[in-house]
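The structure presented is a predicted model; accordingly, all values stated were derived computationally and were not measured. Each chain gets a letter, A, B and so on, in the order the sequences are listed, and its residues count up from 1.
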Number of protein chains: 2
Amino acid sequence: MLKAREQVSKATIRRIPLYYRAVQQLQQQGVSRIRSDKLSEIVHIPSATIRRDFSSFGELGKSGYGYEVTTLVDAFGKLLDVHSKEAIILVGVGGLGTALMQNNFRRNPDLNITMAFDTDPAKLGVVAGIPVYSFATLAAHLTPAMHTAILAVPSASQPAVIHALEAAGIDAILTFAPKPVACAPQTTIRYIDLTSELQSLLFTAHQKVGHGAIVR
Amino acid sequence: MLKAREQVSKATIRRIPLYYRAVQQLQQQGVSRIRSDKLSEIVHIPSATIRRDFSSFGELGKSGYGYEVTTLVDAFGKLLDVHSKEAIILVGVGGLGTALMQNNFRRNPDLNITMAFDTDPAKLGVVAGIPVYSFATLAAHLTPAMHTAILAVPSASQPAVIHALEAAGIDAILTFAPKPVACAPQTTIRYIDLTSELQSLLFTAHQKVGHGAIVR
DNA sequence: AAATGTTTGTTTGCCCGTTCACAAACAGCG
DNA sequence: CGCTGTTTGTGAACGGGCAAACAAACATTT
Ligand SMILES: NC(=O)c1ccc[n+]([C@@H]2O[C@H](COP(=O)([O-])OP(=O)(O)OC[C@H]3O[C@@H](n4cnc5c(N)ncnc54)[C@H](O)[C@@H]3O)[C@@H](O)[C@H]2O)c1
Ligand SMILES: NC(=O)c1ccc[n+]([C@@H]2O[C@H](COP(=O)([O-])OP(=O)(O)OC[C@H]3O[C@@H](n4cnc5c(N)ncnc54)[C@H](O)[C@@H]3O)[C@@H](O)[C@H]2O)c1
């Protein structure tokens, strides 16, 4: 059973999606049970860490046996709230935004970009089956059930866009523009900073004398 | 002066690009000196952390005065090896790959995608001024100076692609396909897992009762 | 030149996350 | 049913990074 809301560490939270993806794949392959050391080889995470992570959600496994795959799929699916579909909006239908719309997390039925917005009139219309509206009509198109936005706008536009999104009720934002923005207390922003990732990767790769590494 | 290669923590390394971007911007704005507490407001990193990070590269600042902006720009530029241009190759000219080529880190003159590869004959040619070659001709086009690759291929193709890249002398890889791959010891792989980022963002946003957060 | 005020670099303690290692719990089997 | 072998869940030790706080170092002012 799932534990009552205790305290799930941030590091663990970031690994849940990896676990979920792995056990889903196992289920599709017809594997019905899995041991922590075997799962470790698949996800490249130490088995001790896996067991500690899993135990923070309750007693999911059985000693001397392992974990029932369906138990894990159910548990993580519940945690990630897979069955209540997330209606995600996208702002900025440029190169990156278009790629995201075409892909649209198609492997994950719960994640769905349902509409997009742009200021450039040339971008309005339909892309990959998803409507693109004028950014000026943001408030008119949002429903109260929409909490989540992906941003692929230029850095310079970002503060104004975030401000408008917060006013429209969005409180979870994933953005590709690295400009730090002061946000409202209830808002969570995650930055994906591709340039920084590449630069720090190059730094570690150059600096490295010793052994190889997989960096997350 | 820059310290002899001591020990730079991984957490610090990930922040160098942020610092570099910030001080570059300050320089462009004509600001000639900056204090750690003022810089803190710009990059949203505590001033104590900033000073500790900076001090790991030597004594860059002056007490009772702050930091000379040009000193910082020089120091971080040297650290990130900004003046030796990195020739980066891209594999997988799909939606994401095309977006990366069009952008091509244009703000950073040192980062340059110089050629791309794909298996689909329809993708070959030139995109955004960058030649796209058949993936079968990878070895023929690479020069010994090329260490770095960005991957935007489907997860299923990834292991084979990484294997071929390693054989061709690539040892730093940034990839968007989340499938974990066992790599050679000298290779560094950084995964950008957009689906995981989004899912764990949703988890934290839902779980949150208290105050807002910026998550990196 | 001395006095004052400011800001750095670093020392210290703390917290979070990882890893080790083992007792307890269970499966499998005779 | 008892015995053996296996694997979990977790207490304990460890390590790394963060934040507070302060002495030393420098700028500035008188
Ligand atoms: N594509 C890359 O390789 C890459 C790499 C690093 C960082 N990024 C960052 O990702 C973001 C998007 O990149 P891109 O390549 O798609 O850029 P892009 O220029 O192709 O697209 C930006 C889009 O945002 C729209 N836009 C501008 N202001 C807007 C506003 N106020 N409201 C709504 N829409 C607005 C533009 O009309 C355009 O369609 C940028 O911040 C960029 O710095 C991209
Ligand atoms: N675009 C997104 O929103 C998004 C989101 C999450 C994850 N991803 C991941 O990023 C990666 C790329 O995404 P995309 O949307 O650009 O996919 P895409 O299907 O548009 O492009 C993939 C490209 O790789 C090429 N390719 C396939 N096998 C190859 C091989 N062996 N060697 C060289 N090239 C090969 C294909 O011809 C195609 O051009 C995928 O792994 C995807 O899972 C993308």
Side-chain angles (χ1 to χ4, degrees), chain A residues 1-4 6-16 18-19 23 26 31-69 71-72 75 200 203-204 207 210 213-216, chain B residues 1-4 6-16 18-19 23 26 31-69 71-72 75 200 203-204 207 210 213-216:
Chain A
M1 273 303 114
L2 291 186
K3 270 188 189 170
E6 253 189 44
Q7 174 78 327
V8 182
S9 87
K10 291 178 185 182
T12 301
I13 292 174
R14 279 200 304 271
R15 285 187 291 263
I16 299 176
L18 301 179
Y19 296 140
V23 296
L26 286 170
V31 179
S32 67
R33 70 191 220 191
I34 185 81
R35 299 185 317 249
S36 63
D37 62 339
K38 187 67 186 148
L39 186 57
S40 170
E41 292 171 18
I42 298 176
V43 294
H44 290 188
I45 291 171
S47 62
T49 303
I50 292 178
R51 290 199 300 279
R52 181 161 299 280
D53 282 346
F54 284 15
S55 76
S56 69
F57 304 117
E59 316 229 337
L60 268 45
K62 284 189 278 190
S63 301
Y65 179 90
Y67 299 88
E68 209 74 47
V69 171
T71 308
L72 296 179
S200 61
F203 186 94
T204 30
Q207 168 185 259
I214 293 183
V215 185
R216 287 197 182 269
Chain B
M1 271 304 113
L2 290 185
K3 269 187 190 169
E6 256 191 40
Q7 174 80 325
V8 183
S9 88
K10 290 178 185 183
T12 300
I13 291 174
R14 279 199 303 270
R15 285 187 292 263
I16 299 175
L18 301 179
Y19 296 141
V23 295
L26 286 170
V31 179
S32 66
R33 71 190 217 188
I34 184 82
R35 297 186 318 247
S36 62
D37 63 339
K38 187 65 186 150
L39 186 57
S40 170
E41 291 171 18
I42 298 176
V43 294
H44 289 187
I45 292 171
S47 63
T49 302
I50 292 178
R51 290 198 300 278
R52 221 171 104 279
D53 283 347
F54 285 13
S55 75
S56 70
F57 305 118
E59 315 230 336
L60 269 44
K62 284 191 278 189
S63 301
Y65 179 90
Y67 300 88
E68 209 74 48
V69 170
T71 308
L72 296 179
S200 60
F203 186 94
T204 30
Q207 172 185 253
I214 292 184
V215 185
R216 288 198 182 268

Nucleotide nearest [X] (side chain, heavy atoms from C-beta), chosen from [options]:
X       : options                : result
A/Thr49 : C/dT18, D/dT8, C/dC26  : C/dT18
A/Tyr65 : D/dC18, C/dA27, D/dT28 : C/dA27
B/Tyr67 : C/dT11, C/dT18, C/dG9  : C/dG9
A/Ser63 : D/dA19, D/dC26, C/dC26 : C/dC26
B/Ser9  : C/dT19, C/dT7, D/dG17  : D/dG17

Rounded off to whole Å, could you give me the [atom1]-to-[atom2] distance for the [X] and [N] pair?
X       : N      : atom1 : atom2 : result
A/Lys10 : C/dC16 : NZ    : P     : 9 Å
A/Phe54 : C/dT19 : CZ    : P     : 15 Å
B/Arg33 : D/dA27 : CZ    : P     : 10 Å
B/Glu68 : D/dA27 : CD    : P     : 11 Å
A/Arg14 : C/dC16 : CZ    : C1'   : 12 Å
A/Asp53 : C/dC16 : CG    : P     : 16 Å
A/Ile34 : D/dT7  : CD1   : C1'   : 13 Å
A/Arg52 : D/dA12 : CZ    : C1'   : 10 Å

Interatomic distance, [X] atom [atom1] to [Y] atom [atom2] [nearest 0.5 angstrom]:
X       : Y       : atom1 : atom2 : answer
A/Ile42 : A/Leu26 : CD1   : CG    : 4.5 Å
B/Tyr19 : B/Asp53 : OH    : CG    : 3.5 Å
B/Arg35 : B/Tyr67 : CZ    : OH    : 12.0 Å
B/Phe54 : B/Ile16 : CZ    : CD1   : 10.0 Å
A/Leu39 : A/Ile50 : CG    : CD1   : 4.0 Å

Taking only the side-chain nitrogens and oxygens of [X], find out if one of them lies under 4.0 Å from OP1 or OP2 of [N].
X       : N      : result
A/Ser36 : D/dT8  : yes
B/Ser55 : C/dT10 : yes
A/Lys62 : C/dA27 : yes

(request) Kindly say whether A/Ser36 contributes a backbone atom to a donor-acceptor pair with the side chain of A/Ser47 at under 3.5 angstrom? (result)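 A pair under 3.5 Å: no.
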(request) Would you please say whether a donor-acceptor pair under 3.5 Å links the side chains of B/Ser200 and A/Arg14? (result)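 No pair is found: no donor N or O on one side chain lies under 3.5 Å from an acceptor on the other.
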(request) Indicate, yes or no, whether a donor-acceptor pair under 3.5 Å links the base of C/dT7 to the side chain of B/Arg51. (result)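 Checked by distance alone, the answer is no.
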(message) Base of C/dG17, side chain of A/Arg15 - is there a donor-acceptor contact under 3.5 Å?
(response)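 Absent.
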(request) Search all heavy atoms of A/Val31 against all heavy atoms of A/Val69 and return the closest pair with its distance. (result)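 Closest heavy-atom pair between A/Val31 and A/Val69: O-CG2, 3.4 Å.
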(message) Which helical stems does DNA chain C take part in, if a stem means at least 3 consecutive Watson-Crick or G-U pairs with both distances below 3.5 Å?
(response)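 The stems that DNA chain C takes part in, listed by first number, are C:1-30 with D:1-30.
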